Amino acid sequence: MLQRPRGTRDFLPDEMEARREIEERMREAARRFGYGQVRTPVFEELELFTLRSGPGIVNEMYAFEDKGGRALSLRPELTAPVLRLYVNEARVLPKPLRWFYYDDCFRYERPQKGRYRQFWQFGAELIGADTAMADAEVVLLADAALQASGVEYELKVGHLALMRSLLADLDEGARRAVMGLLDKREFDGLVAALAGLGREDLAPSLEALVAATTLDEAFALTGPLPEEARLRELVTLLDAAGLDYTLNFGIVRGLDYYTGMVFEGFAQNLGAENQIVGGGAYRLAHLFGGEDTPSCGFAIGFDRVMVALGQVEVPPRPTVAVLSTSEGACAACVAAAAFRAAGLRAELDLSGRGLGAQLTRAARTADYAVLIGAREAEAGVVAFKDLASGVQETLALEAAVARTVGREVDAPGAR
RNA sequence: GCCAGGGUGGGGUAGCUGGUUAUCCUAGGGGACUGUGGAUCCCCCGACCCGGGUUCGAGUCUCGGCCCUGGCCCCA
């Protein structure tokens, strides 16, 4: 038997309902911030991603050559494609651009909890704004989307300038190594690495910076920096907005194009892969041939949010089972159409079995049953049954539809 | 790429010191039941991941592969 490719998943209707529900809540959050959706191709020129992330990532990508010999790859992330879109198509649009996206990405990695080879990202990019308020807006949108989903998580906000100022003397390779160790809180390794560089003196202040939880603590370690005023303003804005977060200057965020503010969010019960959002201010457009444009964005690991949420309660939609004998088949189709037109879910019974058997099935899957046999068809009425209460009435079709519209559905114990 | 634990009907499982027709639950189909409820009863359907080895005989032991789950690495 054919198998689904490794690291991919199939989604059945119940799970899709839950995913669509959460997607819709995030989408609505973005809309309320004035963000519009963009969509880019599922594959791009390979170079787009190596320009952003370095040649080393080719191994982790679904890279391939097409029949014309072009080096392409399924997208492993969406920030680079969206910025490529901006450079290609949208350079002259009035700034700032407020865009969001929800699409699938592909990485050739070893699957584990919350990590799949095809996964979905919900994210946003704010392009062409370079103020503390722009930074704040992006963090607040990320939080709004996650809050709307209902996931419980911890938000950490930081700024790269502080750590970089402490490491300003180191060459790039050493700086990367040190930042990587700090990101993982590997202080023993850090001390050893600094010793190898002859800079043991940095260890205390670096460890203190990672532990710092206030701006005053952090800037006491670094001294005054040009970024200080904007960072202080950002914190003031986030606090005024009532955001629940902590400051953390140990956030590294991998790559060099992040320029200032950075943030990450972590959820519980996710095992080793517990980061559900990451973002920050960056400059990327110039890599793709555009002007050097300040941008800020984030990406939410949608599948991880779904794992962290567990069961998602989707508002029930009343279902009408339309049951009929052969004499009532035509009337049943008409009745189903009337319920559908009223916004209900109407399911015809296709079994051709007796009404008793049809009702047995309906009782498990529906909230209401409409029965149309020879008697009802002849009289031009329907038998309308509320499956929760057991009450049955003989009504004109319009009256039966009216019985269901706007009515709350009780606990779906009948399902 | 590395490590650990796993793969038995669609889902969940028993069998694991090798031995007749592989257990049970559930789901699915049919019937009792051709106009009224989820019950009950009966019947049916349907599985040992793949390949090699040991053996008279392998779901069971052994080797390799594939896949799953989680962890390491990585995490744009």
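Chain letters run A, B, ... following the sequence lines, proteins first, then strands; residues in each count from 1. Quick caveat, the model's predicted, so the values are computed rather than measured.
For the pair Arg107(A) and Val391(A), both in contact range of RNA chain B, the more 5′-proximal nearest nucleotide belongs to Val391(A). Position along RNA chain B of the nearest nucleotide to Arg4(A) versus Ser389(A) favours Ser389(A) as the more 5'-ward residue.
Lys113(A) contributes no side-chain N or O that forms a donor-acceptor pair with the base of G71(B) under 3.5 Å. Evaluation of atom-type donor-acceptor distances gives no pair under 3.5 Å for the side chain of Arg115(A) against the base of G70(B).
Secondary-structure stems of RNA chain B, taken as three or more successive Watson-Crick or G-U wobble pairs (i with j, i+1 with j-1) under a 3.5 Å distance threshold, comprise B:1-7 with B:66-72, B:10-12 with B:24-26, B:28-32 with B:40-44, B:49-53 with B:61-65.
A salt bridge links Arg39(A) with Asp103(A): the distance from a Lys NZ or Arg NE/NH1/NH2 to an Asp or Glu carboxylate oxygen falls below 4.0 Å. Salt bridge annotation for Arg115(A)-Glu273(A): present, with a cationic side-chain nitrogen under 4.0 angstrom from a carboxylate oxygen. Electrostatic pairing of Glu44(A) and Arg84(A) counts as a salt bridge here, judged by a charged N lying under 4.0 Å from a carboxylate O. For Arg19(A) and Glu23(A), the salt-bridge test fails: no basic side-chain N is under 4.0 Å from an acidic carboxylate O. Under the 4.0 Å criterion applied to side-chain N and carboxylate O atoms, Glu24(A) and Arg31(A) are assigned as salt-bridge partners. One finds no salt bridge joining Asp169(A) and Arg175(A) here, because no Lys/Arg side-chain nitrogen approaches an Asp/Glu carboxylate oxygen to under 4.0 Å.
When the P atom is compared between G70(B) and U23(B), the two are found 32 Å apart, to the nearest whole Å. Remark: the separation of the C1' atoms in A22(B) and C48(B) is 8 Å, to the nearest Å. Nucleotides G15(B) and C74(B) have their P atoms positioned 41 Å apart, rounded to a whole Å. The separation of G30(B) from G51(B), taken at their P atoms, amounts to 34 Å, rounded to a whole angstrom. When the P atom is compared between U60(B) and U20(B), the two are found 14 Å apart, to the nearest whole Å. The C1' atoms of U55(B) and G19(B) are separated by 12 Å, rounded to the nearest whole Å. Atom P of A47(B) sits at a distance of 12 Å from the matching atom of G11(B), rounded to the whole Å. U8(B) and A58(B): their C1' atoms are spaced 14 Å apart (whole Å).
Exactly one of Phe100(A), Tyr102(A), Phe302(A) qualifies for a side chain to side chain contact (heavy atoms under 4.5 Å, CB included) with Met26(A). That residue is Phe302(A).
Going from atom CD1 of Ile251(A) over to atom P of C75(B) covers 16 Å, rounded to whole Å. Look at CD on Gln275(A): it is 13 Å from C1' on C74(B), rounded to the nearest Å. Separating the CZ atom of Arg110(A) from the P atom of A4(B) is a distance of 12 Å, rounded to the nearest angstrom. To the nearest angstrom, P of U36(B) lies 20 Å from CZ of Phe384(A). Regarding Asp103(A), its CG atom lies at a distance of 20 Å from the P atom of A76(B), rounded to whole Å. Distance, Glu15(A) CD to G11(B) P: 15 Å, rounded to whole Å. C73(B) atom P lies 12 Å from atom CG of Asp183(A), rounded to whole Å. Atom OH in Tyr108(A) sits about 19 Å away from atom C1' in A76(B), given to the nearest Å.
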N/O to N/O distances under 3.5 Å, protein versus nucleotides 26-35 of chain B:
residue: G28(B); atom: OP1; partner: Arg364(A); partner atom: NH2; Å: 3.4
residue: G29(B); atom: OP2; partner: Arg361(A); partner atom: NH2; Å: 3.4
residue: G35(B); atom: O6; partner: Ala374(A); partner atom: N; Å: 2.7
residue: G35(B); atom: O6; partner: Arg375(A); partner atom: N; Å: 2.9
residue: G35(B); atom: N1; partner: Glu376(A); partner atom: OE1; Å: 2.8
residue: G35(B); atom: N2; partner: Glu376(A); partner atom: OE1; Å: 3.2
residue: G35(B); atom: N2; partner: Glu376(A); partner atom: OE2; Å: 2.5

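Taking 4.0 angstrom as the limit, Lys184(A) places a side-chain polar atom (N or O) nearer than this to OP1 or OP2 of C74(B). Residue Gln112(A) places at least one side-chain N or O under 4.0 Å from the OP1 or OP2 atom of G71(B).
Residue contacts shown for Gly328(A) are absent, as no nucleic acid heavy atom lies under 4.0 Å away. Across all strands shown, Gln358(A) has no heavy atoms under 4.0 Å from either base or sugar-phosphate atoms. Counting non-hydrogen atoms under 4.0 angstrom, Gly278(A) reaches nothing in the nucleic acid. Within 4.0 Å (heavy atoms only), Arg6(A) reaches sugar-phosphate atoms of the nucleic acid but no base atom.
For Glu273(A), whose side chain is taken as the heavy atoms from C-beta onward, the closest listed nucleotide among A76(B), C75(B), C2(B) is C75(B). When distances are taken from the side chain of Leu359(A) to each of U36(B), A76(B), C74(B), the shortest belongs to U36(B).
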Protein-to-nucleotide contact annotation, 5' to 3' order, nucleotides 42-50 of chain B [B base; S sugar-phosphate only; - none; under 4.0 Å, heavy atom]: ---------
Verdict with reasoning, Phe11(A) to Trp120(A), per ring pair (Phe, Tyr, Trp, His ring centres under 6.0 Å): CA-CA 13 Å; Phe11(A) 302 105; Trp120(A) 275 259; 5.8 Å; yes
Chi angles and distances behind the salt bridge (Lys or Arg N to Asp or Glu O under 4.0 Å) call for Glu125(A), Arg98(A): CA-CA 6 Å; Glu125(A) 308 295 342; Arg98(A) 290 184 164 108; over 6 Å; no
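Annotation: Tyr368(A) is in aromatic contact with Phe384(A) [ring centroid separation under 6.0 Å].
In plain terms, the two heavy atoms of Asp130(A) and Ala134(A) that are nearest each other are N-CB, 4.4 Å.
You'll find the side chain of Ile276(A) stays beyond 4.5 Å of the side chain of Phe266(A), heavy atoms only.
Side chains of Tyr153(A) and Asp143(A): a donor-acceptor N/O pair is present below 3.5 angstrom, by distance only.
In this structure, the side chain of Ser73(A) does not engage the main chain of Arg75(A) through any donor-acceptor pair within 3.5 Å.
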